[in-house]
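Read the structure below first, then the notes.
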Amino acid sequence: MNKIHVKTGDSVVVLSGKDKGKKGKILEVSPKEGKVIVDGINMATKSVKPRRQGDAGGIVKVAAPMYACKVQLVCPKCGKGVRTGVKFGPDGEKLRVCKRCGAEIK
């Protein structure tokens, strides 16, 4: 299994591609593929058939997966994309820390 530098619920900024510079929240992480799904980023259109009587079909926009290396974590204090380091808390648990300002990232 591959390790990914972001978790579900993290705020990230896109580094490259058509959505470069946009910020969003991670909805899903797939370590096996090395991809993430970010809310409102990398939108793709998908045709949907009506499944039940009365349901509407049509074209729907869906957030498509993108490679995790194309996103960077956003520091809550700096508000910018940052690299992260690891610091140990008082109980011995690992904490992610902003390399730029030293703030703890949850």
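Note that these values count all heavy atoms, side chains included, but never hydrogens, waters or copies made by symmetry.
Contacts classified as salt bridge (Lys or Arg N to Asp or Glu O under 4.0 Å) and involving residues 75-93 (residues at least two apart or in different chains) are not found.
Considering all non-hydrogen atoms of both residues, Val13 and Gly81 come closest at CG1-CA, 3.9 Å. Closest approach of Leu95 and Gly89 over heavy atoms only: CD1-CA, 3.8 Å. In terms of heavy atoms, Glu104 sits closest to Pro76 at O-CG, 4.3 Å. Heavy-atom minimum distance, Pro31 versus Val29: CD-O, 3.5 Å.
Tyr67 contributes atom OH, which lies 10.5 Å from atom OG of Ser30 (distance to the nearest 0.5 angstrom). Taking CD from Glu28 and OG1 from Thr8, the interatomic distance works out to 7.5 Å, rounded to the nearest 0.5 Å. In this structure, CG on Asn2 lies 10.5 Å from CD on Glu33, to the nearest 0.5 angstrom. Here the straight-line distance linking atom SG of Cys78 with atom CD1 of Ile105 works out to 8.0 Å at 0.5 Å rounding.
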Query raised in the report: Passes salt bridge (charged side-chain N to carboxylate O under 4.0 Å, His left out), Lys22 versus Asp39? Steps please.
Result: CA-CA 11 Å; Lys22 290 186 182 177; Asp39 187 27; over 6 Å; no
Query raised in the report: Step by step, would you call Thr84 with Arg100 a side-chain contact (heavy atoms from CB on, under 4.5 Å)?
Result: CA-CA 9 Å; Thr84 56; Arg100 189 180 300 229; over 6 Å; no
Extract all donor-acceptor atom pairs below 3.5 Å that involve side chains of residues 44-66 and protein atoms in other chains or at least two apart in sequence.
none

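Within a 6.0 Å radius of NZ in Lys18, other residues, nucleotides and ligands contribute more than 12 heavy atoms. Atom NZ of Lys35 is surrounded by more than 12 heavy atoms from other residues, nucleotides or ligands within 6.0 Å.
Under the 4.5 Å side-chain heavy-atom criterion for Ile, Leu, Val, Met, Phe, Trp and Tyr, Ile41 and Val6 are members of the same hydrophobic cluster. Tracing side-chain contacts under 4.5 Å through hydrophobic residues (I, L, V, M, F, W, Y), one reaches Ile4 starting from Val14; they form part of the same cluster.
Counting only heavy atoms from C-beta outward, the side chains of Asn42 and Asp19 approach each other to under 4.5 Å. In this structure, Val12 and Val38 have side chains that are in contact, with non-hydrogen atoms separated by less than 4.5 Å.
Between the His5 side chain and the Leu73 main chain, no donor and acceptor come within less than 3.5 Å of each other.
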